[in-house]
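Below, each value reflects all heavy atoms present in this structure, side chains not excepted, and no hydrogens, waters or symmetry copies. Sequence lines set the chain letters: A, B, ... in the order given, protein chains first and strands last, and positions in each chain run from 1. In this text, all values refer to a predicted model and were calculated from it rather than measured experimentally.
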Amino acid sequence: MDYNHRSIEQKWQKFWAENQTFKTAESTDKPKYYVLDMFPYPSGAGLHVGHPLGYIASDIFSRYKRLKGFNVLHPMGYDSFGLPAEQYAIQTGQHPAITTEVNINRYREQLDNIGFSYDWSREVRTSNPDYYRWTQWIFMQLFNSWYNKDADKAESIDTLIDKFNSFGSQGINAESDEDVSVFFAADWKAFSEEEQQRELLKYRLAYLRESTVNWCAALGTVLANDEVINGVSERGGYPVEQKKMMQWSMRITAYADRLLSGLDSVDWPEPLVEMQRNWIGKSIGASVIFPLTPKGGIEVFTTRVDTLFGVSFVVLAPEHELVEALTTDEQRAAVESYIEKTAKKSELDRMADTKTVSGVFTGSYAKHPITGDDVQIWIADYVLAGYGTGAVMAVPSGDQRDYVFAKHFNLPIIPISDSQNIEEQADPNKDGKYINSDFINGMTYKEAVPALVAKLEELKLGKAKVNFRMRDAIFGRQRYWGEPVPVYFKSGIPYLIKEEELPLLLPEVDKYLPTETGEPPLGRAEGWKYQDQYEYELSTMPGWAGSSWYWFRYMDSQNQDIFASKEAVDYWKAVDLYIGGSEHATGHLLYSRFWNKVLKDLGFHQEEEPFKKLINQGMIQGRSNFVYRVLDDEGKGTNQFVSLGLKDQYNCIPLHVDVNIVYNDVLDTEKFKTFRPDFADAEFILENGKYICGTEVEKMSKSKFNVVNPDDIIETYGADTLRLYEMFLGPLEQAKPWNTNGIEGVYKFLRKVWRLFHDAEGNFNVSEEEPTKAEYKALHKIIKKVEDDIERFSFNTSVSAFMICVNELTELRCNKRQILQDLIIVLEPYAPHITEELWTLLGNEAGAISYATYPIFNPEYLVESEFAYPVSINGKMKMNLPLALDLDAKAVEEIVIGNTDVQRYLDGKAVKKLIFVKGKIINIVV
RNA sequence: GCCUAGGUGGUGGAACUGGUAGACACGCAGGACUUAAAAUCCUGUUCCCGUUAAGGGAGUGCGGGUUCGAUUCCCGCCCUAGGUACCA
């Protein structure tokens, strides 16, 4: 029988499922290894051929690690709360839970077709009450915690209450809201319950605060910044406005420093680390106050406090709260018109317009904090209200934007360093000694900064300060299909429900839209009250809630008493390898690290970082095909279609054509006639008897007819071919377009493997003879290559190496049992079905490859034979030396001189130097 | 602008710490088997010159440099992709 992928793959997928072959043991004496995929959102469209790329890579790695003797945890689940199911519910009335269930079943079917080695007994679904119960529980932990900066960790809110009871707010060093009160212990005890709770809320890691949010009226919900694109919603393109709302927030800024320093301890791709660093945006500097008369002052943040004496003016953001008060009557008209102009500019305009210098003088002056000189106060839109204090001190000699601004408005430019050259532009160097700088004149940068900070602190006009770009994360969504927040309100104060009342189930509603009064959809749930009287929180949690801790649940997914038992967490610790797309760099990956740290601080586990090694798989783009429809004189489409090479001779327009009826860019013209009814009588202008289609790389989407479903590939070529081919396509981390052009080669490879160990009649046929040296060499080459490749995630070159290996074995007509047995083990991670079949044909126990031992590479088999090897003379390739000459340096020199063949190349010149690489002469310098 | 990754045949890509550039695969061309097709196998395939050939020359985005030797290291520039943005 020839290689029949269909029956082989179905047989083994069934066997693995029935025998739970890949169920992970709870505990074992093997070392553990945790391989995790970013779990998918189960969308209605199903998987396309791009989705499994990362899953295949992680599956190869998992299977490889099992063979290497590790106890591997390799689970899968679904991030099943989300907007698409809710949108569908709004349109059709179908409950999102039903939609989600249907989609998950479809995903599962498609995943199973590919032959993954997931332990499905550990599956999680974030929308499942058994799961979101623990998401709610973690929310409670966050609510019940505060960040103690002295201990540099989160602690139970009870320790804060104890401090308030004993010392009041004295000596509390916490991450908190800006507006915390100052009180003594006696005051605290005298506070009403309501006052106490309001104060505590300012310290909690999950807290309620009025924040400006992106409100989308059409969707009736708040959107994250990255869900808003150019002022409209990413989904649907509805207008978005800024609105103040009471919102749940997460005090992620408390962890800014740890989130930053933790990046040094993880093995992540550099671009991704860089993205997180930028996102956190730490700047070390100082805050400085420029006093106003008669009282008050403008606080600015600067990273270059040493340039303080170069300040020639101060700039406020147009939205800054002091602008109104500082504007003099003469300047009022100009200032107001400027503010109005800025407000009209969209963010896009402001971005595009970085070249134009604009700003207005307010008419007022501040005092320089040290010299007391008058400093003009300006407003300009290059200063952002949302960053720092919304005000900057302008140092034209040291900052290019300030320089351009000063030139434009004829403001003074004061050089402050003897090493500055400010003829043409600002010079921010820190190398020289200061001039024009009062008491720091003659100092270096290193001396000046502490001196200035000390002086400012003495004057109470400034201090060293660290500023972060990152903001606290808003944690509420005005949506239905998310986790309910386990909170109710009494006198407007949020209280947690009791732990034993979890899960707080998502209530049924009649419609999935906001209420008539603008409340979130949960407001529609009839009689949904805590203890029949208190209003529940009506927002649900955002999409990232459930995904911020899911790797813990896989460790112990059935546990009813805790999110994961201590034993499970202590055993599995952190994820050793995490594979997913880079689009989650500043969302999921940051929030997950945050929750992980909180849970660590609260003593639930020991790991500071959740994902030790991370690989980003590149996106697989679509590769669209085009046909060219000839137009008539009036510009209307005819039923003639011209092949790519001839299209320039005609007036024609490109049309997307379904990539599934195109093979190697050659159109199947018969299938094309049934593609659309109006193509039924299509005529073709061919080249060389073929219709060649044009191509273009685009995103994979239905409307472009370039979606390739993995099921179709599997039907034609099988899952093993799909797995190998997706790896063969190129480096894992690189984005690449999908095309089926090379898949035949991979399919041929598998058939060759099959035929090598079957006779002409199709019967399994192995020889019991001892393999020859050449056969061992072919085998051990692949053992070494695959091991090296997998360890550095270079899967594509392994596939090539397999092909070479099998070509060599075919050449040698090698069907030896010993060779096959080891070849199966090495190939199994890539092509698990065909190897499982051959494994059992050899008489081994079914489903037991993962207990096999990975063959040990023996370098002796790879020792070069007596063949000649190349040597260059003066770096130019000249000749081959027989291996017999490969002796030590001295001997070679003698032989070289005496060898007539060599002498011919050397033109009688003396040998100056012999270059050796790995004990071999590689080059002769004459 | 800044950060990151990359630029190699008709195509996808290989070359791991500098050592015969183009592995492997697709495609293409020719051939074998076959009544024929499919399947399979063999040969060739970077470009240019050379009648096939022997042989020679150029060649890894561009221009320099280091080295006996550079796709690889260094400097400058161009282009592409992703991220980020008037961040003080």
Side-chain angles (χ1 to χ4, degrees), chain A residues 2 269-279 281-283 285 300-304 307 315 317 347 350-351 353-357 380-384 386-395 398-402 404-405 467-469 582-583 585-586 616 618-619 621 623 664-666 688 695 697 725 728-731 733-746 748-749 751-752 755 785 788-789 791-792 794 796-805 807 810 869-880 912-918 920-926:
Chain A
D2 206 8
E270 193 49 38
L272 201 105
V273 170
E274 207 52 40
M275 262 189 252
Q276 288 215 346
R277 284 210 184 98
N278 287 339
W279 187 264
K282 182 179 186 172
S283 2
V300 303
F301 175 75
T302 177
T303 53
R304 291 295 303 273
T307 63
V315 191
E347 227 166 274
R350 248 167 118 161
M351 251 161 62
D353 201 18
T354 55
K355 294 262 149 54
T356 323
V357 181
D381 63 6
Y382 80 84
V383 178
L384 306 173
Y387 181 75
T389 60
V392 302
M393 60 180 220
V395 184
D399 182 285
Q400 186 57 25
R401 283 162 309 175
D402 297 344
V404 172
F405 197 84
N467 204 39
F468 291 98
R469 200 181 79 101
S582 60
E583 66 272 21
T586 51
N616 287 131
M619 212 214 310
Q621 296 138 310
R623 187 175 185 277
N664 290 328
D665 296 335
V666 175
N688 303 327
T695 63
V697 174
Y725 186 60
F728 181 71
L729 213 47
E733 307 201 49
Q734 189 178 301
K736 57 226 157 204
W738 174 263
N739 72 78
T740 328
N741 290 356
I743 201 164
E744 288 282 351
V746 172
K748 268 186 216 166
F749 157 73
R751 280 189 305 206
K752 273 187 201 171
R755 277 206 313 271
K785 176 72 176 159
D788 289 353
D789 282 352
E791 295 286 353
R792 61 194 173 98
S794 174
N796 54 328
T797 51
S798 286
V799 181
S800 295
F802 277 122
M803 293 179 181
I804 296 169
C805 174
N807 284 343
T810 306
Y869 73 98
V871 171
S872 62
I873 295 167
N874 287 341
K876 290 259 178 194
M877 283 322 299
K878 282 287 188 187
M879 60 178 184
N880 289 319
K912 281 187 195 153
K913 203 168 144 194
L914 295 168
I915 316 282
F916 288 83
V917 171
K918 290 173 193 163
K920 240 193 225 178
I921 319 170
I922 272 295
N923 187 38
I924 300 171
V925 184
V926 295

Considering only the C1' atoms, how many Å lie between B:U11 and B:U66, rounded to the nearest integer?
36 Å
Got a second to check how far A:M803's CE is from A:F728's CZ, nearest 0.5 Å?
4.5 Å
Rounded to whole Å, please give me the gap between CD in A:E744 and C1' in B:U11.
16 Å
Find the partner of B:G1: check Watson-Crick (N1-N3 plus N6-O4 or O6-N4) and G-U wobble (N1-O2, O6-N3) distances, both under 3.5 Å, and reply none if neither fits.
B:U84
Over all strands shown, is A:N796 touching base, sugar-phosphate only, or nothing at heavy-atom distances under 4.0 angstrom?
sugar-phosphate
The side chain of A:R755 lies closest to which of these nucleotides: B:A88, B:C3, B:C41?
B:C41
ring-ring contact (aromatic ring centres under 6.0 Å, His included) between A:Y725 and A:W738, intermediate numbers included
CA-CA 10 Å; A:Y725 186 60; A:W738 174 263; 5.5 Å; yes
Taking atom C1' in both B:A23 and B:A15, what distance in whole Å separates the two?
8 Å
side-chain N/O A:R401 vs B:A88 OP1/OP2, d < 4.0 Å
no
Whole angstrom is fine here: how far is it from CG in A:N741 over to C1' in B:G13?
13 Å
Taking the P atom in each of B:C47 and B:U60, what is the distance between them to the nearest angstrom?
16 Å
Just the rounded figure in Å: distance from C1' of B:A81 to CG of A:N616.
14 Å
Using modelled atom types and a 3.5 Å cut-off, is there a donor and acceptor pairing between side-chain atoms of A:Q276 and backbone atoms of A:A585?
yes
When you measure from the side chain of A:D402 to the backbone N and O of A:V395, does any donor-acceptor pair fall under 3.5 Å?
yes
If the C1' atom of B:C62 is compared with that of B:A85, how far apart are they to the nearest Å?
30 Å
Pair A:S798-A:D789, side-chain hydrogen bond (donor to acceptor under 3.5 Å, both in side chains): steps then yes or no:
CA-CA 6 Å; A:S798 286; A:D789 282 352; 2.9 Å; yes
Please tell me whether A:N807 and A:K752 have a donor and an acceptor in their side chains that are separated by less than 3.5 angstrom.
yes
Can you find a side chain N or O atom of A:K748 that sits less than 4.0 Å from OP1 or OP2 on B:A39?
no
Taking only the side-chain nitrogens and oxygens of A:Q734, find out if one of them lies under 4.0 Å from OP1 or OP2 of B:G13.
yes
Expected output: side-chain A:N796 to main-chain A:L729 donor-acceptor under 3.5 Å:
no
How far, in whole Å, is B:A38 from B:A32 if one measures between their C1' atoms?
16 Å
B:A70 - base-pair partner by Watson-Crick or wobble geometry, distances under 3.5 Å
none
Can you tell me the Watson-Crick or wobble partner of B:G18, both distances under 3.5 angstrom?
none
Taking the nucleotide of RNA chain B with the nearest heavy atom to each, does A:D789 or A:V799 sit closer to the 5' end?
A:D789
Closer than 4.0 Å, any side-chain N/O of A:N807 to the OP1 or OP2 of B:A25?
yes
What does A:K752 touch in the nucleic acid at a heavy-atom separation under 4.0 angstrom: a base, only the sugar-phosphate, or nothing?
sugar-phosphate
Out of B:C86, B:C16, B:C24, minimum distance to the side chain of A:D381 belongs to B:C86
Does B:A88 have OP1 or OP2 sitting under 4.0 Å from an N or O in the side chain of A:Y382?
no
Give the rounded distance in Å between these two atoms: CZ of A:R751 and C1' of B:A38.
10 Å
May I have the distance from A:Q621 (atom CD) to B:U80 (atom C1'), rounded to whole angstrom?
12 Å
P gap between B:G63 and B:G55, integer Å:
30 Å
Gap in Å between the two P atoms, one belonging to B:C41 and one to B:A54, rounded
28 Å
From the options B:A23, B:C87, B:A25, select the nucleotide whose nearest atom is closest to the side chain of A:S800.
B:A23
What integer distance in Å separates A:R469:CZ from B:U84:P?
8 Å
Within the modelled atom types, does a donor on one side and an acceptor on the other bring the side chain of A:N467 and the base of B:C87 under 3.5 Å apart?
no
Indicate, with a heavy-atom threshold strictly under 4.0 Å, whether A:F728 touches base, sugar-phosphate, or nothing.
base
Output the rounded distance in Å from CD (A:Q400) to P (B:C2).
12 Å
Any side-chain N or O of A:S582 less than 4.0 Å from the OP1 or OP2 oxygen of B:G83?
no
Whichever of A:M393 and A:D788 has its nearest RNA chain B nucleotide further upstream toward 5':
A:D788
For a quick check of understanding: with a heavy-atom distance under 4.0 Å over all strands, which category does A:P269 fall into, base, sugar-phosphate or nothing?
nothing
Which nucleotide, in any strand shown, forms a Watson-Crick or G-U wobble pair with B:G59, with both distances under 3.5 Å?
none
C1'-based separation of B:A88 from B:C78 [nearest Å]
32 Å
Counting Watson-Crick and G-U wobble pairs only, both distances under 3.5 Å, name the nucleotide matched with B:C28, or none.
B:G44
Classify A:E733 by what it touches in the nucleic acid, base, sugar-phosphate, or nothing, heavy-atom distance under 4.0 Å.
nothing
How should the glycosidic conformation of B:G56 be described, syn or anti, under the criterion that syn lies within 90° of 0?
anti
Rounding to a whole Å, what distance do you find between A:E270:CD and B:G83:C1'?
13 Å
Point-to-point distance, once rounded to the nearest 0.5 Å, from CE of A:M619 to CD of A:E583:
7.5 Å
